[in-house]
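Working notes for the structure below.
Remember, it's 1-based here, ligands and their atoms both numbered in the order they're listed. If you're wondering where the values come from, they're calculated on a predicted model, not measured in any experiment.
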Amino acid sequence: MALDPTPPPQRPTMCHSSAFLLPPHPSSSSPAPGCGGPASTSATVALVVLNQPLPRFAPLLWSRAALRVCADGGANRVFDGMPGLLPGGQDPDEVRARYKPDVIKGDMDSVRPEVKEYYSNLGTKIVDESHDQDTTDLHKCIDFIAKDSSVADKPNLCILVLGALGGRFDHEMGNINVLHLFPNINIILLSDDCLIFLLPRTHTHMIHIERSIEGPHCGLIPIGMPSTSTTTTGLRWNLDNTSMSYGGLVSTSNIVEEDKVTVTSDSDLIWTISLQN
Ligand SMILES: Nc1ncnc2c1ncn2[C@@H]1O[C@H](COP(=O)(O)OP(=O)(O)OP(=O)(O)O)[C@@H](O)[C@H]1O
Ligand SMILES: Cc1ncc(C[n+]2csc(CCO)c2C)c(N)n1
């Protein structure tokens, strides 16, 4: 008598949405909509600003965040760049006082002394970890957020990282490595051009596509480990129980065809989608 083949594992579904990038609804003062987690609920957003030019949507995401952390030289970017991203006519000093980080954390070799002093005088917490030269400033910031009682225990925490892509390649790879170091935290790396997040293998993923702001170009990439089986729906080039590996097949220059994309894989994958300018 033939034995039944082992059924594939049933994974819970994790929903993702980039609705946090949508312009504010005129009558809404609620927190960020649908940032990861069940798409129907609001998310608690923590923002990390890296040492790269601020993306154009930095003021919007700042206003939606419950906790704002600058990674070392990221504080210079807020100090220098935030006034220029707001509608004209606003006094830069008034803007700086309004956009005050809660925390500056890192090895402190990039934040300018006068910027550190300015924010420290306004009450920003300065966490100097210059003794640690083995973890990146982004890693240090995620550690901080993961232990911060104001946001860490929220069921729907979403960490948005500004300026994570499009700069130095070693930094970009270090930033992507942080996604793999914290697979159980919903972390989204952002630039003006695209966003990236991890799809842990423990779940089937339902990605809601906000067509007014993202797509159509997308990619599904096994950076951390090969995958022997990945299945997708909603893409122009879907995978059907397909193997992927870095050095073999990876799905780049794919196109979203439907409002919902589903992904199931036996390995953690990187999802990336273009942002419209
Ligand atoms: N060019 C870049 N591209 C992508 N991410 C960056 C880039 N520069 C900085 N970052 C991110 O911002 C964080 C803070 O940057 P900062 O320049 O303060 O770091 P750093 O430790 O001084 O870097 P390094 O000493 O290697 O130049 C980094 O940990 C990294 O995550
Ligand atoms: C194998 C190895 N490679 C590079 C570094 C350097 N490094 C990694 S993170 C970091 C801090 C950056 O703020 C520094 C200097 C190391 N320690 N170990």
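When distances from atom 12 (C) of ligand 2 to the protein are checked, a heavy atom turns up under 4.0 Å. Within a 4.0 Å radius of atom 3 (N) of ligand 2, the protein contributes no heavy atom.
Ligand 1 lies within reach of A164, whose nearest heavy atom is under 4.0 Å from it. The closest approach between any non-hydrogen atom of G166 and ligand 1 is not below 4.0 Å. Ligand 1 lies out of reach of G106, whose nearest heavy atom is not under 4.0 Å from it.
By the 4.0 Å N-to-carboxylate-O rule, D72 lies too far from K105 to be salt-bridged with it. Taking a cutoff of 4.0 Å between a charged side-chain nitrogen and a carboxylate oxygen, R112 and E114 qualify as a salt bridge. Contact check on E129 versus K140 returns no salt bridge, with no Lys/Arg side-chain nitrogen under 4.0 Å from an Asp/Glu carboxylate oxygen. Between D102 and K125 there is no salt bridge, since no side-chain N of the basic residue sits under 4.0 Å from a carboxylate O of the acidic one.
By the criterion of a heavy-atom distance under 4.0 Å, the side chain of D107, and not its backbone, is placed next to ligand 2. By the criterion of a heavy-atom distance under 4.0 Å, neither the backbone nor the side chain of D109 is placed next to ligand 2. Heavy atoms of H139 found under 4.0 angstrom from ligand 1: none, in either backbone or side chain. Contact annotation for N175 and ligand 1: only side-chain heavy atoms (C-beta onward) come within less than 4.0 Å of the ligand.
For the residue pair H16 and H208, no side-chain donor N or O sits within less than 3.5 Å of a side-chain acceptor on the partner. Side-chain contact, E214 with S18: a donor N or O sits under 3.5 Å from an acceptor N or O. Counting only N and O atoms by type, the side chains of T233 and T262 include a donor and acceptor under 3.5 Å apart. Using modelled atom types, one finds no donor on one side chain facing an acceptor on the other under 3.5 Å when comparing D266 with S229. For D240 and T231, the side-chain atoms include no donor-acceptor pair closer than 3.5 Å.
Heavy-atom proximity to L138, at under 4.0 Å, picks out these atoms of ligand 1: 29 (O), 31 (O). Applying the 4.0 Å criterion to heavy atoms of G167 picks out, from ligand 1, the atoms 1 (N), 2 (C), 3 (N).
Looking only at protein heavy atoms, the nearest one to atom 10 (C) of ligand 2 is Q133 O, 3.3 Å. Looking only at protein heavy atoms, the nearest one to atom 4 (C) of ligand 1 is H171 CB, 3.4 Å.
For the pair G73 and ligand 1, the shortest N or O to N or O distance falls below 3.5 Å. For ligand 1, the polar-atom distance check against D109 finds a nitrogen or oxygen pair separated by under 3.5 Å. The shortest N/O to N/O separation between T136 and ligand 1 does not fall below 3.5 Å.
Taking OG of S17 as the start and CD1 of I207 as the end, the distance is 11.0 Å to the nearest 0.5 Å.
Evaluated by nearest non-hydrogen atom to atom 13 (C) of ligand 1, the leading choice among L50, V48, N76, L165 is L50.
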